[in-house]
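Report on the following structure.
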Protein chains: 2
Amino acid sequence: MTTMAMVASLAGVSISTVSHVLNGTRHVEPETREKVLKAIEATSYRQDAVARAMRRSQTDSVGLIVSDAGEPAFAEMVHGVEHAVARLGLTLLLANSAEDPDREAQAVEALLERRVDGLILARAAGSRQDVVDGIQGEGTPLVLMDRLCGMRVDQVGVENRLPTIELVKHLVDQGHQRFVFVAGDCRVPTLRERRDAFVEAMAQLNLDASAQTIIADVPAFDVIDGQLEQALDAGPRPTALIACSTVLAARALKIVQNRNLQLPTDIAFATFDGFAYSDLFTPQLTTVRQPAFEVGVAAAELLAHRLADKARGSSPVRLAPTTTRLSPTIEYRSSSGTTVRMTPSNF
Amino acid sequence: MTTMAMVASLAGVSISTVSHVLNGTRHVEPETREKVLKAIEATSYRQDAVARAMRRSQTDSVGLIVSDAGEPAFAEMVHGVEHAVARLGLTLLLANSAEDPDREAQAVEALLERRVDGLILARAAGSRQDVVDGIQGEGTPLVLMDRLCGMRVDQVGVENRLPTIELVKHLVDQGHQRFVFVAGDCRVPTLRERRDAFVEAMAQLNLDASAQTIIADVPAFDVIDGQLEQALDAGPRPTALIACSTVLAARALKIVQNRNLQLPTDIAFATFDGFAYSDLFTPQLTTVRQPAFEVGVAAAELLAHRLADKARGSSPVRLAPTTTRLSPTIEYRSSSGTTVRMTPSNF
DNA sequence: CTGAAAGCGCTTACAG
DNA sequence: CTGAAAGCGCTTACAG
């Protein structure tokens, strides 16, 4: 491996000069710069970003920890972060906590050891409060992604309250009064927000709360399945089902299929997040579509913004943390009623 | 930020000793190690991986460049690589070439500057030959993933020939003689291999090659669409359609739908790679399912193996490059005929 | 059993 | 306009 010293000696200049032509950081006579460039070419020199990072105490890299790399929505967010980060000339270090707080803590630790300039974090379901404090205490800029919280942190996610209420109204307009609302693990903020919005919608619309089945705060999928099956089999059957994530929708659809219930005649159906290429398949599912790629892009850009502020070091006052929520689009399709309309709403 | 020097002075020992207790690299008296540990705790010291990497000329990181982060199959592979790499105690640097050879070259350059210990590369469609040579010339261990080639390199991908032939036989068994085979951009090795296998199958089965429509070597999706529409509308219509990737399948299905053709009665349908949660939807699609996650895991493990060999530095002879092909599973479903069977085959 | 010191490959004041 | 030198935070022979 060739070093700057080798380039310098070949070009007959000092290593300061080589460094300066490489980084364009001070004027160098065209003639000498030419010699340096030639020497770089001849030795096929490549700058050592590790040594550079060490000297500058800046790695030009950001860490991203997602809670569930298997979920298509998170894959899209990773894609968005990668896209934005590359455009900004930064490198992305990727880790996956697999919804495990311990692995999350380890990943944070590993990335901080690697001295990433900043961190984007989609927190695991049982994520410990103190990981956020720890990162901030370190002075490393942090952006929370998708899994938001009430703390004073920069965060980027989606709007959940308004779309949920709109979705419920849509179903009530179709005459539905009895819902099963499958929220799953409400330690996940996104799911909790959707559940809360559902409860709020019930109140707003003067619907009988006791007639609703809300499956929430349940950790294991098979328990959720059981509760859903029971809700569908017992008493007066609910006429509308809302699933709060892609996985939940998939499991719910399977259960519905097993019972030979037709959508939307036997039961109306809507889901959050939804499936890829969903317009190709029957039944067409009404979906609250999350702009996942854009969430990733926005998270990366917000982080980059903080990094720039920090590097400039101008403002003595800490900037106030920002919470950004992007708006989902509700794709109305046949699974939630006979009227098929398709209006992106603005929240 | 606290450094080893600060820990050392607080503990009243040398920095060598601190380093050695941290890395367990030589015996330290229990009593002194206790003091060191206490000092580390008190200062909440965190090792600086950048400085460590620089000194050791080893970063304990690997770079991954995928050609199309939007494709679900690649998202799965990324997931697999991340999983394996984390288990091995390495960090993953992720980049996306977006099927653009220039961006691919830039990404390689950026990762080599960062001194990754090794590189996993799913090459872009028009990938230049010399990127592989360049990396190998550098002495950086390299594993090609999914997009394989004929060079002497370590590579991990999927078996394409045998499954393709088996799929075609299955369709011929159902009585099909006229195919449209949508291969797309055959600069992509995976697609080219599937196309070649189709041609081979035609010969093996003594089918009239001139009765087949092969859409291949076409760069733009709209041109592919046009050729497919023409094939479906003109002359005696093909009775079976095979799409070589998820995107191609999605576009083909749309065209089929637009013409109100029913699967499998009007035309039989099968696809490679396929859709997530595909068992939930009608029509159920016969799919040659790629073990994408496992491909990622295998690529990472092969790379780790090479890194270990290199670190040991034992063998004076270079180990011969390995090509691993994992076997897809063919999911036979109703879209390719009335007989629904579901047999994972072994190739 | 432990410490002093060289050195990894850069950047960046400091001099001239 | 350019160079000599300090130093970023570690690891690792080398001594004792």
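The chains referred to below are lettered A, B, ... by the order of the sequence lines, with proteins before strands, and numbering in each begins at 1. As a basis for the values below, the full set of heavy atoms in this structure was taken, side chains included, without hydrogen atoms, waters or symmetry mates.
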Watson-Crick/G-U partner (both atom distances under 3.5 Å) of C:dA4: none
What is the nucleic acid contact for B:V13, judged by heavy atoms within less than 4.0 Å: base, sugar-phosphate only, or nothing? sugar-phosphate
C:dA13 pairs with, by Watson-Crick or G-U criteria that keep both distances under 3.5 Å: none
Do the side-chain N or O atoms of B:S16 get closer than 4.0 angstrom to the phosphate oxygens (OP1, OP2) of C:dG3? no
Quickly work out the B:R115 CZ to D:dC10 P distance and round it to whole Å. 21 Å
Over how many whole Å does the gap from B:R46 atom CZ to D:dG9 atom P extend? 15 Å
Are any of B:T17's side-chain N or O atoms less than 4.0 Å away from OP1 or OP2 of C:dG3? yes
Can you check whether A:R52 has a side-chain N or O nearer than 4.0 Å to OP1 or OP2 of C:dT11? yes
Is a donor-acceptor contact shorter than 3.5 angstrom present between the side chain of A:R26 and the base of D:dT2? yes
Go through the side-chain N and O atoms of B:S61 and B:R114 and say whether any donor and acceptor fall under 3.5 Å apart. no
It should be established whether A:S14 places a side-chain nitrogen or oxygen under 4.0 Å from OP1 or OP2 of nucleotide D:dA4. no
Over how many whole Å does the gap from B:M1 atom CE to D:dG7 atom C1' extend? 13 Å
Which comes earlier along DNA chain C counting from the 5' end, the contact point of B:V28 or that of A:S19, where each point is its nearest nucleotide? B:V28
Identify, between B:G12 and A:L22, the residue whose nearest nucleotide on DNA chain C lies closer to the 5' end. B:G12
Looking only at the side chain of A:E29 (C-beta and beyond, no hydrogens), which of the listed nucleotides D:dG9, D:dC1, C:dC10 gets closest? D:dC1
Which part of the nucleic acid does B:T32 contact within heavy-atom distance under 4.0 Å: base, sugar-phosphate only, or nothing? sugar-phosphate
Please tell me whether B:Q155 and B:D146 have a donor and an acceptor in their side chains that are separated by less than 3.5 angstrom. no
Whole angstroms only, please: what is the CD1-P distance between A:I15 and D:dG7? 15 Å
Send over the distance from A:R114 CZ to D:dG9 P, rounded to a whole Å. 18 Å
Pick base, sugar-phosphate or nothing for B:M6, based on heavy-atom distances below 4.0 Å to the nucleic acid. nothing
When you measure from the side chain of A:H20, which nucleotide among D:dT12, C:dC10, C:dT12 comes out closest? C:dT12
Among the candidates D:dG7, D:dC1, D:dT11, find the nucleotide nearest to the side-chain atoms of A:R55. D:dG7
Taken to the nearest whole Å, CZ/B:R56 to P/D:dA13 is 12 Å
Atom CG of A:N23 and atom C1' of C:dG9: how far apart are they, to the nearest Å? 13 Å
Any salt bridge between B:R128 and B:D102, counting N to O under 4.0 Å? yes
Are A:V78 and A:L94 packed together at the side-chain level, in the sense that at least one heavy-atom pair is separated by less than 4.5 angstrom? yes
Between B:R26 and B:S19: side-chain donor-acceptor atoms closer than 3.5 Å: no
What is the separation between atom CD on B:E113 and atom P on C:dG9, rounded to the nearest whole Å? 15 Å
Report yes if the side chains of B:Q47 and B:N23 come closer than 4.5 Å at any heavy-atom pair, otherwise no. yes
Which nucleotide sits closest to the side chain of A:M54: D:dT11, C:dT12, D:dG9? D:dG9
Would you say B:Q58 reaches C:dC8's phosphate, i.e. side-chain N/O to OP1/OP2 under 4.0 Å? no
